[in-house]
Colleague: 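There's a structure below that I have some questions on.
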Amino acid sequence: MGRLVYGYAAQEYEFDDRTLSHVKIAVVTKLRRHESFLLNWQVPDHLGGGRVSIWISREIPLAFVFAESVPPKLNERWMEVLLQSSQRTGGMMIVSEAEAEAQLARPAQ
């Protein structure tokens, strides 16, 4: 499991390395454009449930720590879904790879 380390208090959030790799690229893409946004995800029931939203901006320390030494091959379509969701008022929503593929397979409304 990888960790997203956020803020001056170094709050840590766990994600599998594959998900974290995609989130990292999407977040860095936004920050390189000087775009701040909310990053959101649901907490699995076995970890207590609920959801988390954190404000991402260039001024807030952020680190991505991976368990694996070799990065996974990235799915461009998954990153596209993450980046598209970041344009909404509610911010970027972290979804699984399967959820991202399902969203892209649905006809546009």
Side-chain angles (χ1 to χ4, degrees):
M1 292 295 274
R3 296 182 320 277
L4 171 69
V5 183
Y6 174 79
Y8 295 103
Q11 178 68 44
E12 295 189 9
Y13 303 98
E14 284 192 347
F15 294 93
D16 66 84
D17 273 15
R18 183 161 177 76
T19 299
L20 190 59
S21 293
H22 286 79
V23 170
K24 178 187 87 169
I25 297 301
V27 165
V28 169
T29 298
K30 297 285 287 180
L31 292 177
R32 289 183 70 187
R33 297 176 187 159
H34 297 266
E35 297 175 3
S36 300
F37 60 99
L38 277 174
L39 180 63
N40 308 285
W41 65 91
Q42 292 184 339
V43 177
D45 289 338
H46 71 276
L47 295 175
R51 61 182 185 218
V52 177
S53 294
I54 58 175
W55 184 249
I56 303 292
S57 86
R58 295 170 62 100
E59 293 77 27
I60 300 170
L62 185 64
F64 300 89
V65 181
F66 297 93
E68 300 292 324
S69 59
V70 177
K73 183 173 191 238
L74 297 176
N75 177 339
E76 296 289 332
R77 294 168 49 92
W78 189 2
M79 285 186 292
E80 177 184 334
V81 168
L82 293 171
L83 286 167
Q84 284 176 354
S85 72
S86 73
Q87 300 302 317
R88 298 184 193 121
T89 304
M92 183 185 296
M93 183 63 154
I94 298 175
V95 296
S96 70
E97 189 167 15
E99 289 171 307
E101 292 290 347
Q103 284 181 30
L104 290 170
R106 282 187 228 133
Q109 296 180 13

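All values reported here derive from a predicted model rather than from experimental measurement.
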Colleague: Quick one: pull up CD1 in Ile54 and CD in Gln11 and give me the separation to the nearest 0.5 Å.
Modeller: 9.0 Å

Colleague: Could you tell me if the side chain of Leu104 sits less than 4.5 Å from the side chain of Trp78, heavy atoms only?
Modeller: no

Colleague: Decide side chain to side chain contact (heavy atoms under 4.5 Å, CB included) for Gln84 and Gln103; before the verdict, give the C-alpha distance in whole Å, the side-chain angles of both, and the deciding distance to 0.1 Å.
Modeller: CA-CA 11 Å; Gln84 284 176 354; Gln103 284 181 30; 5.9 Å; no

Colleague: Using salt bridge (charged side-chain N to carboxylate O under 4.0 Å, His left out) as the criterion, list what pairs up with Glu99, not counting sequence neighbours.
Modeller: none

Colleague: Determine whether Ser21 and Phe66 make a side-chain contact, defined as any pair of heavy atoms from C-beta on separated by less than 4.5 Å.
Modeller: yes

Colleague: Taking the side chain as every heavy atom from C-beta outward, state whether Leu20 and Lys24 have any atom pair closer than 4.5 Å.
Modeller: no

Colleague: Quick check: does any side chain N or O of Ser85 sit under 3.5 Å from a backbone N or O of Met93, one acting as donor and the other as acceptor?
Modeller: yes

Colleague: Does one hydrophobic cluster hold both Met79 and Phe15, with members joined at side-chain heavy-atom distances below 4.5 Å?
Modeller: no

Colleague: More than 12 heavy atoms of other residues, nucleotides or ligands under 6.0 Å from CD of Gln42: is that the case?
Modeller: no

Colleague: Quick one, Lys30 and Ile56 - any side-chain contact, counting heavy atoms below 4.5 Å?
Modeller: no

Colleague: Once rounded to the nearest 0.5 Å, what's the spacing between atom CZ of Phe37 and atom OG1 of Thr89?
Modeller: 14.5 Å

Colleague: Looking only at heavy atoms, which two atoms of Leu38 and Ser53 are closest? And how far apart?
Modeller: CD2-CB, 4.2 Å

Colleague: Check the hydrophobic clustering (I, L, V, M, F, W, Y; side-chain heavy atoms under 4.5 Å; chains of links allowed) and say if Ile94 and Met1 are grouped together.
Modeller: no

Colleague: Can you check whether Lys73's main-chain N or O pairs, donor with acceptor, with Arg18's side chain at less than 3.5 Å?
Modeller: yes

Colleague: Over all heavy atoms of both residues, which pair between Ala26 and Leu82 is shortest? Give the atoms and the distance, please.
Modeller: CB-CB, 4.0 Å

Colleague: Can you check side chain to side chain contact (heavy atoms under 4.5 Å, CB included) on Leu39 and Leu4, steps first, answer last?
Modeller: CA-CA 11 Å; Leu39 180 63; Leu4 171 69; 4.1 Å; yes

Colleague: With hydrophobic residues grouped by side-chain heavy-atom distances under 4.5 Å, do Val43 and Val23 end up in a single group?
Modeller: yes

Colleague: Would you please name every residue forming a side-chain hydrogen bond (donor to acceptor under 3.5 Å, both in side chains) with Glu101, sequence neighbours left out?
Modeller: Asn75, Arg77

Colleague: Kindly work out whether a path of hydrophobic side-chain contacts (I/L/V/M/F/W/Y, heavy atoms less than 4.5 Å apart) joins Leu62 to Val52.
Modeller: yes

Colleague: Are the side chain of Arg58 and the backbone N or O of Leu31 linked by a donor-acceptor pair below 3.5 Å?
Modeller: yes

Colleague: Would you say Met92 ends up clustered with Trp41 if hydrophobic residues are merged whenever their side chains have heavy atoms under 4.5 Å apart, either directly or through other cluster members?
Modeller: yes

